[in-house]
J.: 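Here it is, the structure in full.
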2 protein chains.
Amino acid sequence: MPFNRELLKGSIALLLLRLLSERDMYGYEIIQEAARRSEDVFEFKEGTLYPALHQLHKRGYLRSEWRLGASGKQRKYYGLTAAGRKQAQRGERDWHLFTQTVNAILTRTKT
Amino acid sequence: MPFNRELLKGSIALLLLRLLSERDMYGYEIIQEAARRSEDVFEFKEGTLYPALHQLHKRGYLRSEWRLGASGKQRKYYGLTAAGRKQAQRGERDWHLFTQTVNAILTRTKT
DNA sequence: CCTTATACATCGTTATACGATGTATGGTCA
DNA sequence: TGACCATACATCGTATAACGATGTATAAGG
């Protein structure tokens, strides 16, 4: 990642919920999709992604299902539950409040 | 804090550097100033702030100095070093790249 | 047949935020 | 004067997150 990775903490869950709010995806697909949409700013690693998905699933925000893809390989598709949709909305609210507040401090005229 | 605290990780150092780029401050003052400017969205705890300041000092981004305040109490004032100013600029660059990229993913029209 | 990309998973390390706790001082007010 | 509170600094232990390393397996393609 071309920026301080610490910034990413706490945002990964939100990004996953948001991406999956559009369509069901499997893990590897999420990695590629996030990279594509961010023009390679985001490059999630498996060691980051899979545990994050498992945790969201365990908390009831995601459902998962094995499906046979067009390639003939088994893939584990994830999608949002009702609770997941609510959590995604909460997450977006938090995100906007947080970033606006940081920006309010950052944009002060330098003395 | 009225939002998912995980979001804050990685941003505290940036906020401290930015606040101290305006004027020297002591720890307790930073907590109050951050709360004031953010309208109480940010409420840093001592357990968060002091270790963060120590770390930034150890990395050479801050200088520190005991001064006798108007109240007659000893206070430890912090200010930016040249390296700290550079780091603050890097941090702001990273912050903008990061938030713009997240927003690019969040603002997609929902399907 | 061998390599590469795909695809899922877990473990151990590192780092962070922070609640809890401790200590000390100065101001306020009964 | 004595009690209490806000101020002010500090450290320790806990919980958690990101992720590098590593392992396994399959399909595609030269």
Side-chain angles (χ1 to χ4, degrees), chain A residues 1-17 24-36 41-59 61-62 64-78 91 94 98 102, chain B residues 1-17 24-36 41-59 61-62 64-78 91 94 98 102:
Chain A
M1 308 267 186
F3 56 87
N4 179 1
R5 283 169 23 275
E6 288 299 318
L7 285 174
L8 203 56
K9 298 200 176 188
S11 318
I12 289 185
L14 171 61
L15 286 170
L16 295 184
L17 291 174
D24 288 7
M25 282 192 264
Y26 56 93
Y28 207 79
E29 186 183 7
I30 294 173
I31 291 176
Q32 294 171 318
E33 184 69 10
R36 196 181 63 76
V41 172
F42 292 144
E43 294 168 353
F44 296 130
K45 304 305 160 65
E46 283 106 321
T48 300
L49 187 76
Y50 291 112
L53 287 173
H54 298 164
Q55 198 202 55
L56 290 173
H57 183 259
K58 198 171 149 196
R59 291 184 182 176
Y61 300 142
L62 299 183
S64 72
E65 185 191 359
W66 286 98
R67 288 184 210 161
L68 197 64
S71 66
K73 287 183 75 169
Q74 283 293 329
R75 288 161 174 170
K76 200 176 194 172
Y77 280 82
Y78 288 93
D94 282 0
F98 170 63
V102 171
Chain B
M1 308 266 187
F3 57 86
N4 179 359
R5 283 167 27 272
E6 287 298 319
L7 283 175
L8 205 58
K9 296 196 177 189
S11 316
I12 289 185
L14 171 60
L15 287 169
L16 296 184
L17 291 175
D24 288 7
M25 282 192 265
Y26 57 93
Y28 207 79
E29 186 182 9
I30 294 174
I31 291 176
Q32 294 170 318
E33 183 69 10
R36 196 181 63 76
V41 172
F42 292 143
E43 293 169 353
F44 298 130
K45 305 302 159 69
E46 284 107 322
T48 300
L49 186 78
Y50 292 112
L53 286 173
H54 298 165
Q55 198 204 54
L56 290 172
H57 182 259
K58 199 171 149 196
R59 290 183 182 175
Y61 299 143
L62 299 183
S64 73
E65 185 191 0
W66 287 97
R67 289 184 210 159
L68 198 64
S71 67
K73 287 183 74 170
Q74 283 293 328
R75 289 162 172 169
K76 200 174 192 174
Y77 280 81
Y78 289 93
D94 283 0
F98 168 64
V102 172

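Numbered from 1 within each chain, the chains take letters A, B, ... in sequence-line order.
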J.: With sequence neighbours left out, write down each residue that passes side chain to side chain donor-acceptor pair (under 3.5 Å) with B:Glu33, or none if nothing qualifies.
T.: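 Partners of B:Glu33 by the side chain to side chain donor-acceptor pair (under 3.5 Å) criterion, ordered by chain and then number, come out as B:Arg36, B:Arg37.
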
J.: Distance check needed: D:dC19 C1' versus A:Phe42 CZ, whole Å only.
T.: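 Value for this atom pair: 16 Å.
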
J.: Taking side chain to side chain contact (heavy atoms under 4.5 Å, CB included) as the definition, give me every residue that meets it alongside B:Gln55, ordered by chain and number, with sequence neighbours left out.
T.: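 If we apply the side chain to side chain contact (heavy atoms under 4.5 Å, CB included) test to B:Gln55, skipping adjacent residues, the hits are B:Arg59.
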
J.: Can you measure B:Leu53 atom CG to C:dT16 atom C1' for me and round it to whole angstrom units?
T.: 15 Å

J.: Side-chain donor-acceptor contacts of residues 44-52 of chain B below 3.5 Å, not counting sequence neighbours, with atom names and distances?
T.:
none

J.: Between atom NZ in A:Lys76 and atom C1' in C:dT10, what is the gap in whole Å?
T.: 13 Å

J.: Classify the nucleic acid contact of B:Arg67 as base, sugar-phosphate or nothing, counting any heavy atom under 4.0 Å across all strands shown.
T.: nothing

J.: Got a sec, which residues hit side chain to side chain donor-acceptor pair (under 3.5 Å) with A:Lys9, two or more places apart in sequence or on another chain?
T.: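 Testing A:Lys9 for side chain to side chain donor-acceptor pair (under 3.5 Å), a comparison that skips the adjacent residues, returns A:Glu6.
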
J.: Which residues satisfy the ring-ring contact (aromatic ring centres under 6.0 Å, His included) test with A:Tyr78, sequence neighbours excluded?
T.: none

J.: I need a per-nucleotide contact map over nucleotides 17-27 of chain C, read 5' to 3'. Cutoff is protein heavy atoms under 4.0 Å; write B for the base, S for backbone only, - otherwise.
T.: SBBB----BS-

J.: Could you give the distance from CD (B:Gln74) to CG (B:Leu68), rounded to the nearest 0.5 Å?
T.: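 Output value for this atom pair is 5.0 Å.
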
J.: Between A:Tyr50 and C:dC8, is there a contact of a side-chain N or O with OP1 or OP2 at under 4.0 Å?
T.: yes

J.: What is the separation between atom CD on A:Gln55 and atom C1' on C:dC8, rounded to the nearest whole Å?
T.: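 Going from CD in A:Gln55 over to C1' in C:dC8 covers 18 Å.
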
J.: Quickly work out the A:Leu49 CG to C:dC11 C1' distance and round it to whole Å.
T.: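 Atom-to-atom, A:Leu49 to C:dC11, this comes out as 17 Å.
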
J.: I want to check one thing: is the phosphate of D:dT11, taken as OP1 and OP2, less than 4.0 Å away from some side-chain N or O of B:His54?
T.: yes

J.: Nearest 0.5 Å, please: how far is CG in B:Leu8 from CG in B:Leu15?
T.: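 Going from CG on B:Leu15 over to CG on B:Leu8, the span is 7.0 Å.
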
J.: At under 4.0 Å, does any side-chain N or O of A:Gln74 touch on OP1 or OP2 of C:dC8?
T.: no

J.: Heavy-atom contacts under 4.0 Å between residues 26-33 of chain A and DNA chain D, which residues?
T.: none

J.: A:Leu56: what forms a side chain to side chain contact (heavy atoms under 4.5 Å, CB included) with it, not counting sequence neighbours?
T.: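 By the side chain to side chain contact (heavy atoms under 4.5 Å, CB included) rule, A:Leu56 matches A:Ala13, A:Leu16, A:Leu17, A:Tyr61, A:Leu62.
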
J.: Can you tell me the distance, in whole Å, between the CH2 atom of A:Trp66 and the P atom of D:dA25?
T.: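 From A:Trp66 CH2 to D:dA25 P: 14 Å.
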
J.: Applying salt bridge (Lys or Arg N to Asp or Glu O under 4.0 Å), can you list everything that pairs with B:Arg67, at least two apart in sequence or on another chain?
T.: B:Asp24, B:Glu65

